[in-house]
Amino acid sequence: MNETTKTETLGFQTEVKQLLQLVTHSLYSNKEVFLRELISNASDAADKLRFEAIANPEFYENDSELKIWIDFDPKAKTITVRDNGIGMSREEVIANLGTIAKSGTKEFLAALTESQTKDANLIGQFGVGFYSSFVVADKVTVKTRRAGLGKDAGVLWESNGEGEFTIANIEQDARGTEITLHLKAEDVDLLDHWRLHQIIVKYSDHIVLPIIMKKPLAEKETVAQEEVVNKATALWVLPKKDIKDEEYKTLYKHIGHDFEDPLVWSHNRVEGKLEYITLLYIPAHAPFDFWTREKRRGLKLYVQRVFIMDDAEQLLPNYLRFVSGIVDAKDLPLNVSREILQNNRVIEQIRSGIVKRVLDMLEKMAASDPEKYTKFWQAFGNALKEGVVEDFANKERIAKLFRFASTRNDGDERNVTFDDYIQRMSSDQNEIYYITAENFNAAKNSPYLEMFRKNNIEVLLLDDRIDEWWLSHYQEHQGKKLQAITKGDVDISKLVKDKPQEDAKKLKTDYEEVLKKMQEVLADKTTEVRLSERLTDSPVCIVTTSDDLSFNMQRIMSSFGQNVPKAKPILELNPEHKLIQNLRDITDEKLFAEWTNLFYDQALLIAGGKLEDVAGFTNRMNHLLQG
């Protein structure tokens with residue numbers, strides 16, 4: 001016997017060990033889901049076989065009727081789930097049952113807590129279906145053989161879920177997988193026909209494959225008859241009037257690996273030159289790995305009810321990657337590949353129809369149920385923001401769905417739309433003002449807002465990293481320019497109610513010498529030092545020109561290790577502030593230079609910039625504080 005066929009005892013991956021401990025406790029109050037998860041895996045195995053058999057029909061091995069069997073043995077205290085799907089090779093068994101090869105695994109485990117409800121949701125998203133077996137079993141035995149391999153390629157896997165598993169090669173006539181659960185003493189109540197029947201109907205009625213059980217023996221019967229216990233119908237092909245909401249929700253939980261109901265869904269049949277069915281769901285929360293690059297995204301694609309692929313990303317633009325669901329197309333070949341999907345006219349038309357449908361769903365939700373839409377925005381708003389860059393044709397429609405915090409509100413609620421803002425603008429205002437910052441408090445308390453607040457001019461407060469990016473591509477809404485209030489060219493003189501009584505020319509004369517001396521000190525750092533019309537309480541602020549990156553954007557680029565173009569900003573002084581007024585009386589050049597540099601550094605920090613010499617700033621401040 002060579003090294004690959006001998007019996008081995010292997011250890012679970014560290015993450016699996018952690019997961020097994022948590023799964024048992026988190027799912028304890030909802031034990032029944034183990035059967036749903038195993039049936040779901042069996043269904044996926046059948047889908048994979050159908051897909052691979054398109055190119056390799058011999059994989060069916062003269063057995064093309066795909067089914068799932070559920071059996072139980074009260075004497076042995078076992079429940080067995082068997083399928084004739086794709087099966088697994090020895091290497092696949094080790095990879096699928098011994099490790100978690102998923103992006104974001106560590107982040108997922110870190111997110112788990114002692115809260116059973118929260119953990120159950122996370123575990124559902126993570127798709128650890130097989131490991132839920134150990135909620136009810138103290139030993140699990142798996143027999144499997146991959147389609148297309150010989151009978152001697154069968155694999156036997158066993159574990160008590162406590163850190164190790166054994167694996168051996170066996171003779172296996174039939175392809176597919178058989179999982180036997182050796183039940184814990186406290187879970188033998190599951191060894192009942194009607195109990196298992198009820199669980200299957202409750203959680204897996206929508207599975208397209210027939211799920212088969214043996215009927216209880218009737219009087220005088222000696223051989224049990226088989227029966228199909230689920231509807232075994234593709235739910236999406238039924239008329240909407242024949243489908244209950246609960247059935248829609250159950251199907252979503254199956255395809256979305258979610259324990260929570262979706263926010264909304266849309267079921268549509270398109271007929272005409274092109275025929276296809278869509279069943280689209282918008283989840284209530286983001287999966288744990290939603291923001292990882294490695295995550296596969298897309299809709300389940302069927303062609304005339306034949307499963308083709310799990311994540312056909314070509315059916316959705318990236319900014320709508322949160323959408324879950326099914327597309328069943330009539331006008332695609334059964335052997336369609338990902339490469340063919342990339343440049344396919346039918347796919348392009350379906351994709352366009354799906355985008356319109358999803359935007360319709362979001363608009364309807366925003367109008368009819370703002371509370372539900374708020375939940376959506378908190379989960380997926382940053383993904384939707386990508387749409388104004390990716391989807392030029394729909395960019396304004398997408399932007400109407402955005403929600404912002406603003407100076408109109410006291411808190412950080414994101415409930416202001418562009419249209420709300422425009423409706424509240426005065427007739428003299430032609431720009432939508434906004435500020436970007438590292439976090440909400442930095443935006444809300446920014447000195448750049450002082451003159452805007454004093455004159456009751458609303459400003460949108462943006463604090464997500466992605467805001468700088470999409471704003472660089474979406475520069476006006478309904479003819480109104482989007483204007484960052486940190487730029488040097490902002491002019492709100494027409495909107496200022498109580499203009500300073502003191503003549504601007506006199507102020508400029510009074511500060512002419514101060515401005516000149518400060519510019520000399522800061523010659524290498526600034527393009528100009530000037531008096532400010534935007535400050536009321538703070539002594540200084542720093543602004544960038546319209547062509548330069550904001551300091552917030554520079555900070556973001558630096559955090560990603562990118563080279564930031566060197567820019568020389570403008571320093572603005574508040575002539576009404578006592579500290580600035582005191583500068584006119586300082587004759588000591590060294591002391592004047594220290595105050596000048598301190599003001600510049602202070603303004604840079606407030607703007608979100610990074611000090612090149614933190615120690616120098618601290619020493620300078622301490623020296624000036626000592627007088």
Side-chain angles (χ1 to χ4, degrees), residues 407 426 428-431 433-435 445-459 483-548 550-551 567-609 620-621 624-625 627:
T407 51
S426 71
D428 293 330
Q429 185 177 339
N430 295 311
E431 294 164 314
Y433 294 110
Y434 69 87
I435 183 170
N445 300 318
S446 172
Y448 295 96
L449 295 169
E450 290 172 2
M451 189 60 76
F452 289 86
R453 279 211 166 96
K454 183 177 180 181
N455 291 278
N456 200 29
I457 303 168
E458 186 172 7
V459 178
Q483 175 65 59
I485 65 170
T486 56
K487 291 293 184 182
D489 56 355
V490 171
D491 181 10
I492 58 169
S493 56
K494 290 181 181 178
L495 307 176
V496 173
K497 296 170 187 172
D498 301 315
K499 294 186 179 179
Q501 296 298 311
E502 194 169 357
D503 185 49
K505 286 185 180 178
K506 184 177 183 305
L507 271 176
K508 195 169 183 180
T509 301
D510 289 348
Y511 279 93
E512 187 175 1
E513 188 64 25
V514 169
L515 295 173
K516 181 182 175 184
K517 286 166 63 179
M518 290 183 79
Q519 181 59 60
E520 288 172 359
V521 173
L522 300 172
D524 294 335
K525 297 178 179 178
T526 63
T527 55
E528 183 184 358
V529 180
R530 69 189 186 192
L531 298 182
S532 179
E533 294 181 357
R534 73 186 84 212
L535 298 173
T536 61
D537 302 316
S538 301
V540 289
C541 71
I542 203 166
V543 295
T544 52
T545 66
S546 57
D547 297 328
D548 287 334
S550 70
F551 283 105
K568 292 174 72 174
I570 299 165
L571 181 67
E572 293 191 349
L573 314 182
N574 177 4
E576 305 297 325
H577 198 282
K578 183 67 176 171
L579 287 175
I580 299 301
Q581 291 172 350
N582 289 345
L583 282 175
R584 292 180 296 186
D585 301 325
I586 298 176
T587 56
D588 185 311
E589 289 185 11
K590 187 176 179 182
L591 182 62
F592 186 90
E594 282 196 326
W595 274 108
T596 298
N597 280 302
L598 183 72
F599 281 132
Y600 175 82
D601 288 348
Q602 180 190 113
L604 187 64
L605 285 172
I606 290 170
R620 189 178 298 117
M621 185 172 62
L624 291 173
L625 285 171

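Computed over heavy atoms, backbone and side chain alike; hydrogens, waters and symmetry mates excluded.
Counting non-hydrogen atoms of neighbouring residues, nucleotides and ligands closer than 6.0 angstrom, the CG atom of Asp585 exceeds 12 such neighbours.
The cationic group of Arg534 does not satisfy the cation-pi geometry with Phe452, failing either the under 6.0 Å distance to the six-membered ring centre or the 45° limit from the ring axis.
Between Glu431 and Val490, the closest side-chain pair of non-hydrogen atoms is not below 4.5 Å. You'll find the side chain of Tyr600 stays beyond 4.5 Å of the side chain of Val521, heavy atoms only. For the pair Cys541/Glu450, no side-chain contact is recorded, criterion being any heavy-atom separation below 4.5 Å from C-beta on. Counting heavy atoms from C-beta outward, Glu533 and Val496 have side chains that stay 4.5 Å or more apart. In this structure, Thr407 and Asn456 have side chains that are not in contact, with every pair of non-hydrogen atoms separated by 4.5 Å or more. In this structure, the side chains of Glu576 and Thr536 stay at 4.5 Å or more apart for every pair of heavy atoms. Contact annotation: the side chain of Arg620 never approaches that of Trp595 to less than 4.5 Å [non-hydrogen atoms, C-beta and beyond]. In this structure, Tyr511 and Arg530 have side chains that are not in contact, with every pair of non-hydrogen atoms separated by 4.5 Å or more.
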Tell me, with the steps shown, if Ile485 and Val543 meet side-chain contact (heavy atoms from CB on, under 4.5 Å).
CA-CA 9 Å; Ile485 65 170; Val543 295; over 6 Å; no
Set out, in order, the CA-CA distance, both residues' side-chain angles and the distance that settles side-chain contact (heavy atoms from CB on, under 4.5 Å) for Leu573 and Phe599, then state yes or no.
CA-CA 9 Å; Leu573 314 182; Phe599 281 132; 5.7 Å; no
Show, in sequence, the C-alpha distance, side-chain angles and deciding distance for Ile586 and Leu591, and conclude whether the side-chain contact (heavy atoms from CB on, under 4.5 Å) test is met.
CA-CA 7 Å; Ile586 298 176; Leu591 182 62; 4.1 Å; yes
Step-by-step side-chain contact (heavy atoms from CB on, under 4.5 Å) determination, Thr544 to Lys487:
CA-CA 5 Å; Thr544 52; Lys487 291 293 184 182; 3.3 Å; yes
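His577 approaches Asp537 most closely through the heavy-atom pair CD2-O, 3.0 Å. When every heavy atom of Ile570 is checked against every heavy atom of Thr527, the shortest pair comes out as CG1-OG1, 3.5 Å. For Asp491 against Tyr433, the heavy-atom pair with the smallest separation is O-OH, 3.9 Å.
Remark: the backbone N or O of Tyr434 is not paired with any side-chain donor or acceptor of Gln483 at under 3.5 angstrom.
No donor-acceptor contact under 3.5 angstrom links the side chains of Ser426 and Asp428, judged on distance only.
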